[in-house]
Trainee: 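Dumping the structure here so I can ask a few things about it.
Only a predicted model underlies this, so the values are computations on that prediction, with no experimental measurement involved. A note on names: the letters A, B, ... follow the listed sequences, proteins ahead of strands, and every chain is numbered from 1.
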2 protein chains.
Amino acid sequence: MSIDAVDFFYLSMPKVEDIGDGSQDALVVRVAADGHEGWGECEASPLVSIAAFVTPMSHGACKPVRDVVLGKKIDAASSIAALSAAVEMECMDLLQAAHTFSGIEMALWDLLGKKLNAPVYELLGYKKAYPKLPYASQLFGDTPAETLAGCRKARENGFRAVKCGWGPFGKGSLNDDRDHLQAAREGIGQDGTLLIDAGQIFREDVEAAARRIPLLEEVNTVWFEEPFLGGAYAAYGALAARSGSVKLAGGEASHNVHMAQQLIDYGKVGFIQIDCGRIGGIGPAKRAADYAAAKGVTYVNHTFTSHLALCASLQPYAGLESHRICEYPFAPKSVAWDMSETHLTPDRNGEVNLPAAPGLGIAMSAAGMRKYLVDVEIAVKGQTIYRSPKI
Amino acid sequence: MSIDAVDFFYLSMPKVEDIGDGSQDALVVRVAADGHEGWGECEASPLVSIAAFVTPMSHGACKPVRDVVLGKKIDAASSIAALSAAVEMECMDLLQAAHTFSGIEMALWDLLGKKLNAPVYELLGYKKAYPKLPYASQLFGDTPAETLAGCRKARENGFRAVKCGWGPFGKGSLNDDRDHLQAAREGIGQDGTLLIDAGQIFREDVEAAARRIPLLEEVNTVWFEEPFLGGAYAAYGALAARSGSVKLAGGEASHNVHMAQQLIDYGKVGFIQIDCGRIGGIGPAKRAADYAAAKGVTYVNHTFTSHLALCASLQPYAGLESHRICEYPFAPKSVAWDMSETHLTPDRNGEVNLPAAPGLGIAMSAAGMRKYLVDVEIAVKGQTIYRSPKI
């Protein structure tokens, strides 16, 4: 198959709020090849990722992603890997290219699975997909009472695990943080799994993060996510050495497989969280999962957006039975829900199962996407180089 | 001073060729604050970096760079650092933001230096700027004869050091590489300093790179630059352990200070090469220089574009006397030369000296830039959010 067309659909809520909710917009990608089509999603900043697809070439190692992708042959998993390698070399100096290509790569797996009549996890070498235990991913409330209510709601909705993050955590006193942590524990119940996400608030300040460890231990926190800037591996490593029963988690910022490996090797995280919409797609994420498994680190998806992204993000570790937990967008904005006709709802055991269907197994909704489509036009030297396609 | 305006000027040669020459286009930034103005330059992919400045917000940690920068107070070096930290947090998920902000940060130092009537290197804490020995940075020829001619030309132009990179190196047989290396040595002369840049050609293949070490030693190569993908620290570390008299060099891909530190700590490079137009500007580059000096690693600028970028890139290590060498764009395209009225030409000793003038000390040329200005328009939801400014 030859890649005939790549179309980007920039979707957004009418109003985007200044909160840590990544489900407010989306960049959906459709790839067409020899009558087949596949769908993927890039994480973060749709306009910028579109620009990286269409931008004029700066030099031989700073090409638009389009120039590397269009017309390429895709017939097997190995041809997707070869294309990834070509993008790494030919878009070397185009920083945003990794995000742009992530959605394309995802769509290529979807397309190849449909063509070969196999779920993506089979193409990745897994015999079956094990069910995952979803955690409800949500923001801390502005007050402990709101945090309590949010966690109770997750519990009432059948979730046995919850993650609270961002919001006021780490910005006030230790007592403020303790109040939120106790509220979260009360909300999810004593037998629930509690995960805490600091949203990089401590930057590189190991001492400030370390002061929260006893509070996290009090409420039996399983992981402490992103205490530091995504690339500050030394700070992660220093905190890991004194984090007691709490394991560190991180990795969502990884935009190549090396970053994931290094956060494991040097940052000593216990959980490596990979966003397939950033790391370069499903192939590099699978490499990260293999590496994690070999190093005794647990792989977890990072997904705060749609069920297309969710379905893609579960493939790389679908066959790793003991890597049990998965991030589940608990209360996404309507754009993230409406874009697909099918969704991965938890089963009667409260577990998430990947569709045993060709490709990613998610049916997209043209009508759902149309409601949120953002009209974009980019012109260079008087020539339109991008205009939002119809859907 | 309050940041009143940030203007981007996308300049380009009429035709950009598919070669490893980064001087074919440029993104120049002008920042205005309280009647002062400063100039900076972002490295790589102008359109994408512009998009990262103006893009609609995706969520609280994925804002356009514009929203973080405009209106901020800049009165001292510390306020530039505070702004950098704000960009890291508020543009956390916008991958391209580091490149976009790099040019802005550079311009802020230029502006602050003009306001305080001090060269940037003084604002960075250096008492004086030591002269640097420039190396002529150029591509390998298509044939050994071309490589020989290029290096001879550099020598005839007064350069005592030359770097050859990219082109055919690493793509053919060991004998092909040897022929090019011998030609380069012959061209620069037995007493010249020879540097070799592999342009990431070996990706992560340590054995393939290691096979070149004896050839590099035969011609007394000082450094072997970027044998591997920018983030593949483990491969760098493995090669460093067996690179004999040749030291590894790398770091140009660093888009934050942690990446530079990690290439030193884990990649064991002997030379750390920082591009101020990528790492977030002059402040993070200074941190990288301090770190390198403390670890016994030599800091070098990475500059393949204009003399504005060159002047900015020398500031972070201007006061480090023993870090002697500097990259010098030997044969840039006319756009990179014409954009400024003043240039850093080597003195009678063949050395490069920073201007002892306020700010970066480079006078820009409106007429020079106007010739290469690329007209860009970006519209979202029918509203123009960016149009190339007049100059």
Side-chain angles (χ1 to χ4, degrees), chain A residues 12 16-25 43-48 50-52 54-63 85 88-89 92-96 98-99 166 199-201 203 229-234 253 255-256 258-259 261-262 265-266 278 374-382, chain B residues 12 16-25 43-48 50-52 54-63 85 88-89 92-96 98-99 166 199-201 203 229-234 253 255-256 258-259 261-262 265-266 278 374-382:
Chain A
S12 179
V16 171
E17 295 177 272
D18 188 359
I19 54 174
D21 178 354
S23 73
Q24 302 182 81
D25 66 7
E43 210 337 67
S45 208
L47 177 67
V48 183
I50 290 169
V54 299
T55 187
M57 174 169 66
S58 283
H59 57 81
C62 192
K63 289 178 184 156
E88 275 188 315
M89 293 304 279
M92 189 188 292
D93 288 350
L94 208 182
L95 191 48
Q96 190 74 18
H99 281 197
W166 298 74
Q200 305 190 10
I201 192 69
R203 298 184 55 82
L229 297 170
Y233 306 145
H255 56 82
N256 58 54
H258 303 113
M259 295 176 74
Q261 292 170 335
Q262 288 149 8
D265 288 342
Y266 313 129
R278 294 178 182 165
V374 175
D375 183 43
V376 171
E377 184 171 353
I378 304 174
V380 172
K381 296 182 185 177
Chain B
S12 179
V16 171
E17 295 177 273
D18 187 359
I19 54 173
D21 178 354
S23 72
Q24 301 181 82
D25 67 7
E43 211 336 67
S45 208
L47 178 67
V48 183
I50 290 169
V54 299
T55 186
M57 174 168 69
S58 283
H59 57 80
C62 192
K63 290 178 186 157
E88 275 187 315
M89 293 304 280
M92 187 187 292
D93 289 350
L94 207 182
L95 191 48
Q96 189 75 15
H99 281 195
W166 299 73
Q200 305 190 10
I201 193 69
R203 299 183 55 83
L229 297 171
Y233 306 146
H255 55 82
N256 59 54
H258 303 113
M259 295 176 73
Q261 292 170 337
Q262 288 149 9
D265 288 343
Y266 312 128
R278 294 178 182 165
V374 175
D375 183 42
V376 171
E377 183 171 352
I378 304 174
V380 173
K381 296 183 184 175

Trainee: Which bit of B:Gln262 comes within less than 4.5 Å of chain A, counting heavy atoms only: side chain, backbone, both or neither?
Mentor: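 B:Gln262 touches chain A through side-chain heavy atoms alone.
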Trainee: To the nearest 0.5 Å, how far apart are SG in B:Cys62 and CD in A:Gln24?
Mentor: 10.5 Å
Trainee: Given that the side chain runs from C-beta out, which part of B:Ile19 has a heavy atom under 4.5 Å from chain A: side chain, backbone, both or neither?
Mentor: backbone
Trainee: How close do A:Pro56 and B:Leu47 get, counting heavy atoms only, and between which atoms?
Mentor: CD-CD2, 4.0 Å
Trainee: Which heavy atom in B:Asp21 sits nearest to a heavy atom in A:His59, and how many Å separate them?
Mentor: O-CB, 3.3 Å
Trainee: Which heavy atom in A:Asp375 sits nearest to a heavy atom in B:Gly382, and how many Å separate them?
Mentor: OD2-N, 4.1 Å
Trainee: Could you look at B:Asp93 and say if it's the side chain, the backbone, both or neither that has a heavy atom under 4.5 Å from chain A?
Mentor: both
Trainee: Sort out for me which of A:His258, A:Glu17, A:Arg278 touches chain B most, counting heavy-atom pairs under 4.5 Å.
Mentor: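 Among the listed options, the one with the most contacts to chain B is A:His258.
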Trainee: May I ask you to name which of B:Ser45, B:Ala51, B:Ala44 has the most heavy-atom pairs under 4.5 Å with chain A?
Mentor: B:Ser45
Trainee: When you compare the side chain of B:Asp18 with that of A:Lys63, does any pair of heavy atoms fall below 4.5 Å?
Mentor: yes
Trainee: Which heavy atom in A:Ala98 sits nearest to a heavy atom in B:Leu95, and how many Å separate them?
Mentor: CB-CD2, 4.2 Å
Trainee: When only pairs under 4.5 Å are counted, which of A:Gly199, A:Ser12, A:Ala85, A:Ala234 shares the most heavy-atom pairs with chain B?
Mentor: A:Ala85
Trainee: Please flag which part of A:Met57 lies under 4.5 Å from any non-hydrogen atom of chain B: side chain, backbone, both or neither.
Mentor: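 Both parts, backbone and side chain.
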Trainee: Measuring from atom OH of A:Tyr266 to atom CG of B:Asp265, what distance do you get when rounded to the nearest 0.5 angstrom?
Mentor: 9.5 Å
Trainee: Checking B:Leu229 against A:Met89 for the side-chain contact (heavy atoms from CB on, under 4.5 Å) test, could you report, in this order, the C-alpha distance in whole Å, the side-chain angles of both residues, the deciding distance, and whether it holds?
Mentor: CA-CA 8 Å; B:Leu229 297 171; A:Met89 293 304 279; 4.0 Å; yes
Trainee: Shortest non-hydrogen contact from A:Val380 to B:Val376?
Mentor: CG2-CG2, 4.2 Å
Trainee: Report the option among B:Gln261, B:Met92, B:Lys381 that has the most heavy-atom pairs separated by less than 4.5 Å from atoms of chain A.
Mentor: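 Most heavy-atom pairs within the cutoff with chain A belong to B:Met92.
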Trainee: Looking at chain A, which one of B:Ser23, B:Ala232, B:Gly22, B:Ala61 has the largest number of heavy-atom pairs inside 4.5 Å, strictly under?
Mentor: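 Between B:Ser23, B:Ala232, B:Gly22, B:Ala61, the count favours B:Ala232.
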Trainee: Is it the backbone or the side chain of B:Ala253 that comes under 4.5 Å from a heavy atom of chain A, or both, or neither?
Mentor: neither
Trainee: Looking only at heavy atoms and a cut-off of under 4.5 Å, which of B:Gln200, B:Met259, B:Glu88 has the most pairs with chain A?
Mentor: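 Option with the top pair count is B:Gln200.
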